[in-house]
2 protein chains.
Amino acid sequence: MDEALKIFQALSDSTRLAVFQCIRGCGGETAYDTETGCCDATEPGAVALCDVKCQVPCSPSTLTHHLNVLRDAGIIETDRRGRQVYVQINGAALAKVASFLVNTK
Amino acid sequence: MDEALKIFQALSDSTRLAVFQCIRGCGGETAYDTETGCCDATEPGAVALCDVKCQVPCSPSTLTHHLNVLRDAGIIETDRRGRQVYVQINGAALAKVASFLVNTK
DNA sequence: CAAATAATTCGACAATCATCAAACTATTCG
DNA sequence: CGAATAGTTTGATGATTGTCGAATTATTTG
């Protein structure tokens, strides 16, 4: 399945996997960091890019690049709200690949 | 998890994914091809490299390279029997990554 | 032992790709 | 409007990596 290949490629870079994990973990309800002021997710399951950047050390352009790869693979979805772009995980795509992995034969 | 990263890297190449699928599909009971004589798996769940090579078009050295990557990632296991090396899938490793993918938060 | 089959090792080469800086667009706010 | 914040676009560059051919090792068999 070609869809699975794209997802594997998207998750095959350490920085990109960190971004992925950040979006997943930070999108929850309790992930606010009072020290840095980062990760002030306004709703469950969505994070602003600027908050991701706080936790994954890379330049803005690199982050944009990685997000494009993740989005093209169908792993995440983005929508802009005012100045910020919010990101969230597409669970369905992940579930499909997970079943592909486990599926015998 | 660093283990997951390695597995994603291993499956992020189209040729390697083809090898993976070949081992999985061909390792079954009924995959013998009377035309080419390929894929004469002697036991369920194991395939000889020469049979994989029949189905995935690449040079022997390339195949060896890909198998090393897959083995280092823990996806497959190999053992030599006489002239041939047999390969089989390590289901446990795949199951672990599958649950990593689905796992929310 | 010699020949044949199966697989590995080694180098080299081409292509892909992650990264960044700089310049730019988009949006809010004073 | 002008300043500030948030992201994107566009090269360029350095590193990684997939591929192969040639030489080599391992094993069986005549």
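Quick note on labels: first sequence line is chain A, next is B, and so on, each numbered from 1.
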Which atom pairs link the protein and nucleotides 22-30 of chain D when you take only N or O atoms and keep those under 3.5 Å?
none

Original post:
Going by heavy atoms closer than 4.0 Å, what residues in residues 64-71 of chain B are next to DNA chain D?
Top reply: B:H65, B:H66

What is the separation between atom [atom1] on [X] and atom [atom2] on [N], rounded to the nearest whole Å?
{"X": "A:L63", "N": "D:dT9", "atom1": "CG", "atom2": "C1'", "result": "14 Å"}
{"X": "B:F8", "N": "C:dC17", "atom1": "CZ", "atom2": "C1'", "result": "19 Å"}
{"X": "A:Y86", "N": "D:dA6", "atom1": "OH", "atom2": "P", "result": "10 Å"}
{"X": "A:Q9", "N": "D:dT16", "atom1": "CD", "atom2": "P", "result": "19 Å"}
{"X": "B:R16", "N": "D:dT19", "atom1": "CZ", "atom2": "P", "result": "8 Å"}

Ignoring hydrogens and geometry, is there a side-chain-to-backbone donor-acceptor pair from [X] to [Y] under 3.5 Å?
{"X": "A:R71", "Y": "A:V87", "result": "no"}
{"X": "B:R16", "Y": "B:A10", "result": "yes"}
{"X": "A:R80", "Y": "A:G82", "result": "yes"}

Distance-minimising heavy-atom pair for [X] and [Y]:
{"X": "A:V56", "Y": "A:C22", "value": "CG2-CB, 4.3 Å"}
{"X": "A:D13", "Y": "B:L5", "value": "C-CD1, 3.8 Å"}
{"X": "B:I23", "Y": "B:Q88", "value": "CG2-CA, 4.1 Å"}
{"X": "A:L101", "Y": "B:L94", "value": "O-CD1, 3.7 Å"}

Subject >> Candidate nucleotides D:dC20, C:dA18, C:dA7, ranked by approach to the side chain of B:V85 - the nearest >> reply: C:dA7

**OP:** Report yes if a side-chain nitrogen or oxygen of A:T62 is closer than 4.0 Å to either non-bridging phosphate oxygen (OP1 or OP2) of C:dT19; otherwise report no.
**Re:** no

Side-chain donor-acceptor pairs of residues 57-64 of chain A under 3.5 Å, sequence neighbours excluded:
unit_1: A:S59; atom_1: OG; unit_2: A:S61; atom_2: OG; d: 3.2
unit_1: A:S59; atom_1: OG; unit_2: A:T62; atom_2: N; d: 3.2
unit_1: A:S59; atom_1: OG; unit_2: A:T62; atom_2: OG1; d: 2.9
unit_1: A:T64; atom_1: OG1; unit_2: A:P60; atom_2: O; d: 3.2

